[in-house]
Amino acid sequence: MSTTHDVINPATEETVRSIDLVGVEETDEAVARAVETGPAWRALAPADRGRLLRRFSEVVDGHLEELAQLEVDNAGHTIGNARWEAGNVRDVLAYYSAAPERLFGRQIPVAGGLDVTFKEPLGVVSVIVPWNFPMPIAGWGFAPALAAGNTVVLKPAELTPLTAMRLGELALEAGIPEGVFTVLPGKGSVVGERFVTHPDVRKVCFTGSTTVGQDIMRKAADQLKRVTLELGGKSANIVFDDADLDAAAAAAPMSFLDNAGQDCCARTRILVQRSVFDAFMERFEVAMRDVRVGDPHDEDTQMGPLVSAGQRETVRGFVEDSDETVDVAFRGSAPEGAGYWYPPTVVLPGSTSDRVWQDEVFGPVVGVMPFDDEADAVAKANDTAYGLSGSIWTRDVGRAIRVSRAVEAGNLSVNSHSSVRYSTPFGGFKSSGIGRELGPDALDAFTEVKNVFISTES
């Protein structure tokens, strides 16, 4: 039985649209269709499957502005970010459209015959998408899965389902056969849970909290179901005394304020070498004053609202309602009135054990702490359960390489805050998850290796 859900604009608190949420019965029907259409999809000539994915990319390209404006209203993303996100879906589809013809196996030398391997699709793949980046993370799951010959069922987050639902419609418009890619708006406790327990779903791709990811992994173990999990981060931004301080301070605000801090890759722990700490903070405060927070439809806006009232209360709890004394160094500004706004906030943790230093805030709050030397910087950067991303600012190439190798994170940038490129692997160490998305290796997560030996003996 379906229920309805009101999708709220985070910037205005007005209802954007009411949607029907599917239940277990509809989920089972969608999985059954995915199973039924699977053989024909996997049997499609690689060139033809690639051609359909390129067509899907082209259709998305023709609807970029529509998708971007929809994301602004649904998720509160700035229009600049939303355009990039829609473009990322297009680009990821185009990138993986080449994969069907390049899904290479190997010929392995053996005695008495020929031995070859094939990369076979898993079957039905489920993708559970979070609310912070509804379009890109959906594409990171469904594009390589479809390219590898799987069928896909996808559940968007309840808060932000609209762009995923539109992408499902555009897939059909592009010629992707019905049942090959199905978007199912619904509750995680209903649709997401059924993805995990359904015996015909062979893999779960999940991005979200560590707690939910652990629960998915436990339940998936009952059927030895494959999982890819991206579960958050508490990334360090390490600034050494030989860095270009002007550049490092200018780049620091948006390293944690992008998407209002609702980003697993947000650099929410800034580590600055003690000898330049004060000089960095002076520059950082100036840069923070220049950040434009406001109407996400405005072309000049750099930061919009948080996604919901509940998320705002969670963020506020780290700073204003904390059991620990939180030393606020300085704050930016945010609009008043309707909307889930929270001002950019810089805090000075008193200890590495402080909650604001250890836990993922998922909002526009950053902690700044001094360090003494390279070893101290690495120790403080690694003193976290997470290991997703991070940055290193230095002019010393040797130091950049040493620290990059020593920091326990899956994605690191030197003199940059870039974490994601569709052509390179993305994923985390430790509690930040299991597996890698994007890049040339993503197909391995959606295929099984089959070995075939052919005797040549008479």
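Just so we're clear, the structure is a prediction, and the values are computed from it rather than from any experiment.
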> Are the side chain of Lys234 and the backbone of Ala385 linked by a donor-acceptor contact shorter than 3.5 Å?
Replying inline: no
> Is the Phe362 to Trp131 ring centre distance short of 6.0 Å?
Replying inline: yes
>> Any carboxylate oxygen within less than 4.0 angstrom of a Lys/Arg side-chain nitrogen, looking at Arg316 and Glu313?
In response: yes
> Which atom pair, heavy atoms only, marks the closest approach of Pro130 to Thr160?
Replying inline: O-OG1, 4.1 Å
> Hey, do the aromatic rings of Phe142 and Phe56 have their centres closer than 6.0 Å?
Replying inline: yes
> Is the shortest distance from a Lys or Arg side-chain nitrogen in Glu13 or Arg312 to a carboxylate oxygen in the other one below 4.0 Å?
Replying inline: no
>> Has Thr301 got a side-chain atom pairing as donor or acceptor with Asp295's backbone, closer than 3.5 angstrom?
In response: yes
>> Taking Asp48 first and then Arg51, would you say they form a salt bridge - that is, a charged N and a carboxylate O separated by under 4.0 Å?
In response: yes
>> Determine whether Thr228 and Lys203 satisfy the following criterion, side chain to side chain contact (heavy atoms under 4.5 Å, CB included), listing intermediate values before the conclusion.
In response: CA-CA 8 Å; Thr228 295; Lys203 180 181 175 70; 2.7 Å; yes
>> Tell me which pairs pass ring-ring contact (aromatic ring centres under 6.0 Å, His included) where either residue lies in residues 294-333, with sequence neighbours left out.
In response: Phe284-Phe330
>> Given 3.5 Å as the limit, does a donor-acceptor pair link the side chain of Asn411 with the main chain of Leu388, or not?
In response: yes
> Would you call Thr424 and Arg436 a side-chain contact if the rule is heavy atoms closer than 4.5 Å?
Replying inline: no
